[in-house]
Amino acid sequence: MCQMTLDPAPPQTTARQSVTLLGMRVDRVTMEGALALAEEFIHSRMPHHIVTADASMVVTATQDAEFAQIVAASDLVTPDGAGILWATRRMGTPVPAKVSGVDLSARLIALSGEKGWRVFFFGAAPGVAEAAAVQMRERYPAANIVGVRDGFFKPEDEAGIVETIREAKTDILLVALGIPKQEKFIFRHKAALGVPVCIGVGGTLDVFSGTVKRAPVWMQNVGLEWLYRLAANPKKIHKVALLPKFAGMVLRAPRKA
Ligand code: UDP
């Protein structure tokens, strides 16, 4: 039965509270809290996996047991999107804020110069990661982007990609392959990569490069980003189709008293 409860923090990370939404853990974290944790992960030099959870991911986790386990084993699950905020409010255990992959990535890149953090962009169509790096260096001239690689590759290329990321002495790896491919890639190669902060960021490099425009802020705030994205790219219909399913599952789930 779907339910939401306050859970203790996972033991391997800084103490914090989580909620369970339709069986998936979402951490009660703010942007400042997520940035502090990322810094802690970098100082530890140990590999960590940050998941940015949106509504489609919660549904995917109910359908893909391997994926659900990967999310459960990750070091931080941020609430990425109005759908998650709505669902946790409705269930009686709200999370404090939206911490999206796009916003978290931008903040980390902004800090990368002064902190000396080495950022690698991996994913999206050929040319997009390069264009994203150009745009982000324009926005944050001190940005320390040390490598880029597109996200279209054969299984036999994976070992070489891992080696390239490792050789770049990457501190922060943005993996933009879409859900659940990016989380599975990170889980599979976490130890070999040895990167302290690996984040699955979906369409973030498309947004940074200007290939895809973000919805206006008012649409993001009222939870209509999905509609904007669908209008911009009708191929995303399979993803959008998960949203009514998510809403139905949340509405049927028992609320905390
Ligand atoms: N992508 C990729 N390799 C693949 C499949 C997808 O690099 O094999 C990229 C795609 O070009 C896009 C991103 O992954 O940049 C997925 O973006 P989307 O907004 O669909 O992500 P999601 O909604 O799954 O987080």
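Read the numbers this way: they start at 1 and go in the same order the structure lists the ligands and their atoms.
Remark: minimum distance from atom 18 (P) of ligand 1 to any protein heavy atom is reached at K236 NZ, 3.5 Å. Summary of contacts: the protein heavy atom closest to atom 3 (N) of ligand 1 is G151 O, 2.7 Å. At the top of the distance list for atom 8 (O) of ligand 1, counting protein heavy atoms only, stands K181 NZ, 2.7 Å. Among all protein heavy atoms, the one lying closest to atom 24 (O) of ligand 1 is K239 NZ, 2.6 Å. Of all protein heavy atoms, the one lying nearest to atom 25 (O) of ligand 1 is G202 CA, 3.2 Å.
If you number the atoms of ligand 1 from 1 as listed, the ones under 4.0 Å from a heavy atom of A125 come out as 11 (O). Ligand-side atoms of ligand 1 in range of I179: 24 (O), 25 (O), range being under 4.0 angstrom from any heavy atom. Residue contact check: G203 has heavy atoms under 4.0 Å from atoms 17 (O), 18 (P), 19 (O), 21 (O) of ligand 1.
Here CD of E225 is found 11.5 Å from CH2 of W218. Values are rounded to the nearest 0.5 Å. The CD atom of E130 lies 10.0 Å from the CZ atom of R149; values are rounded to the nearest 0.5 Å. If you take NZ on K115 and NE2 on H43, they are separated by 7.0 Å, rounding to the nearest 0.5 Å.
Exactly one of V146, I109, L111 qualifies for a side chain to side chain contact (heavy atoms under 4.5 Å, CB included) with W117. That residue is L111. F208 pairs in a side chain to side chain contact (heavy atoms under 4.5 Å, CB included) with only one of the listed residues (L205, D206, T211), which is L205.
The closest approach between a heavy atom of M57 and any atom of ligand 1 is not below 4.0 Å. Contact annotation: L177 has at least one heavy atom less than 4.0 Å from an atom of ligand 1.
Using a 4.0 Å cut-off between heavy atoms, D206 contacts ligand 1 through its side chain alone, with no backbone atom that close.
Under the 4.0 Å criterion applied to side-chain N and carboxylate O atoms, K239 and D54 are not assigned as salt-bridge partners.
D80 and S100 form no side-chain donor-acceptor contact under 3.5 Å, judged by distance and modelled atom types alone.
Nearest to atom 11 (O) of ligand 1 by heavy atom, out of A124, S56, A176, S209, is A124.
Note on ring orientation: taking the six-membered ring where Trp is involved, the planes of H48 and F41 are parallel (angle under 30°, cut-offs 30° and 60°).
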